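Right, one structure below, let's go through it.
These numbers come from a predicted model, not from an experiment. Values below: all heavy atoms of this structure, side chains included; hydrogens, waters and symmetry mates excluded. Just so you know, residue 1 is the first one in the sequence shown, and it goes up from there.
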Amino acid sequence: MKPLDPENFNQELEKKVKKIIKDYKLIDDGDRVVVALSGGKDSVLTLHLLDKIQKESDFDFKLLAIAIDEGIGGYREDGLKSARNNAYQLGVDYHEISLKKEFGITLDQSESYYQTACVPCGVFRRYLLNRTAHDLGVDKLATGHNLDDEIQSFLMSFARADVRRFAKFGPRQQRIHPKLVPRIKPLWCIPEKEVGMWAVLNEMDVHLAECPYAHQSLRSRLKNYLNQLEEDRPGTKMKILRFFQKSLKINKKEIKLSECEICGEPSAASVCKACEIREFVKNQLEYNNELK
């Protein structure tokens, strides 16, 4: 087997991402785009490719980055170091938000009250990413979701019969509330394996460690199953994605959002999920401290 040529590999990868951006009109001229930067391989690739496209494309857009410190001891700090280094290297305006500073609690303090730490983590991350992006006045929030992430998310919703989440499938979400920043996924059709190859071939500063809470999730089990399926039948993941595109016509009804009574952020209920979880965890921590 011939060794991979990094230059050719990078050009092909960039070509695929440019096609996704063009076909789905992910970025418009004059946009302010912020990358959700964790320091992992997917978000670092998203940052580097958007930076390259920004500097070489015919249209102009502003690029920024946001990193969230969830408060995961022995894990998150390494990812944040990679996020800072990559943003600094590219000269990208970088913003770091701490769950502890914003909510007074960490993920480590919250996880024991839920079946999986992914529940509070997902809620808090989405909340802080969107609120910060809106405060920064950006037009698009770019995430590092790749092909594997997308089909895992869809199958998880499918298994739970959570039809409402099907509307989030796809490389671009529309603005459904003035305070809700539309999300884009430039790596939507890029397999996770190719993202990893990019990081290794280019000797990138990325955080490759797995989250210590990942094993608790349904996503982790689905990921292992799909990887085995792809190994046995190459091309299976892409076929699943194409099936979703062609066969499942989701009626994206107009979603009516109000604003949270506590924080004022967009919410489908009178109190948003982030405030609900925050108050619950704080009450539990106070109660446990009283028992000591």
Side-chain angles (χ1 to χ4, degrees), residues 10 13-14 17 20-21 26-27 31-55 61-72 75-103 106-107 118 121-150 153 171-173 180-188 190 192 194-196 198-200 202-211 213-214:
N10 290 342
L13 188 60
E14 183 183 339
V17 172
I20 295 171
I21 293 173
L26 300 191
I27 302 174
D31 271 350
R32 286 169 59 85
V33 180
V34 66
V35 175
L37 187 62
S38 68
K41 62 187 187 307
D42 303 293
S43 65
V44 169
L45 172 58
T46 302
L47 183 74
H48 278 260
L49 282 182
L50 289 185
D51 178 73
K52 191 171 191 296
I53 291 170
Q54 177 207 39
K55 291 171 179 174
F61 63 93
K62 171 72 174 176
L63 190 62
L64 307 88
I66 303 171
I68 306 297
D69 179 2
E70 306 92 344
I72 305 175
Y75 169 77
R76 175 45 64 207
E77 184 53 38
D78 288 340
L80 291 173
K81 285 180 182 177
S82 294
R84 295 179 201 126
N85 290 342
N86 281 281
Y88 178 78
Q89 174 190 336
L90 298 175
V92 173
D93 189 11
Y94 174 80
H95 302 265
E96 192 170 297
I97 311 299
S98 164
L99 187 60
K100 179 68 174 178
K101 290 181 180 177
E102 297 296 324
F103 284 166
T106 65
L107 188 64
C118 296
C121 184
V123 170
F124 288 142
R125 280 184 59 81
R126 285 190 295 271
Y127 179 96
L128 291 175
L129 283 171
N130 180 76
R131 193 187 71 181
T132 307
H134 179 261
D135 289 346
L136 291 171
V138 304
D139 302 287
K140 309 282 173 55
L141 172 59
T143 65
H145 289 88
N146 57 48
L147 181 147
D148 294 58
D149 296 323
E150 189 76 346
S153 295
R172 176 176 180 171
Q173 295 175 11
L180 208 56
V181 179
R183 297 194 174 199
I184 59 173
K185 307 169 189 174
L187 306 187
W188 189 59
I190 308 299
E192 183 177 26
E194 290 187 16
V195 181
W198 171 83
V200 172
N202 293 279
E203 299 181 343
M204 300 303 299
D205 177 4
V206 297
H207 184 218
L208 294 174
E210 185 177 60
C211 174
Y213 297 120

Provide the closest heavy-atom pair for [X] versus [Y] in the form atom of the first, atom of the second, distance.
| X | Y | value |
| --- | --- | --- |
| Leu47 | Leu63 | O-CD2, 3.9 Å |
| Thr46 | Gly144 | OG1-CA, 3.5 Å |
| Trp188 | Ile20 | N-CD1, 4.0 Å |

Interatomic distance, [X] atom [atom1] to [Y] atom [atom2] [nearest 0.5 angstrom]:
| X | Y | atom1 | atom2 | result |
| --- | --- | --- | --- | --- |
| Ile66 | Glu96 | CD1 | CD | 11.5 Å |
| His145 | Ile184 | NE2 | CD1 | 12.5 Å |
| His48 | Asn10 | NE2 | CG | 11.0 Å |
| Asp205 | Tyr88 | CG | OH | 14.0 Å |

- Query: Mind checking what makes ring-ring contact (aromatic ring centres under 6.0 Å, His included) contact with Phe103, not counting sequence neighbours?
  - Reply: Phe124, Tyr127
Taking [X] for the side chain and [Y] for the main chain, is one N or O donor matched with an acceptor at less than 3.5 Å?
| X | Y | result |
| --- | --- | --- |
| Asn202 | Met204 | no |
| Gln173 | Arg183 | no |
| Lys100 | Gly71 | no |
| Asp139 | Arg32 | yes |
| Asp148 | Glu192 | yes |

Between [options], which is the residue that forms a side chain to side chain contact (heavy atoms under 4.5 Å, CB included) with [X]?
| X | options | value |
| --- | --- | --- |
| Glu70 | Ser98, Cys211, Cys121 | Cys121 |
| Arg126 | Leu128, Val123, Leu129 | Val123 |
| Val181 | Thr132, Asp135, Leu141, Leu136 | Leu141 |

- Query: Sequence neighbours excluded, which residues qualify as side chain to side chain donor-acceptor pair (under 3.5 Å) partners of Ser38?
  - Reply: Ser43
- Could you tell me whether the side chain of Trp198 reaches within less than 4.5 Å of the side chain of Ile190, counting heavy atoms only? no
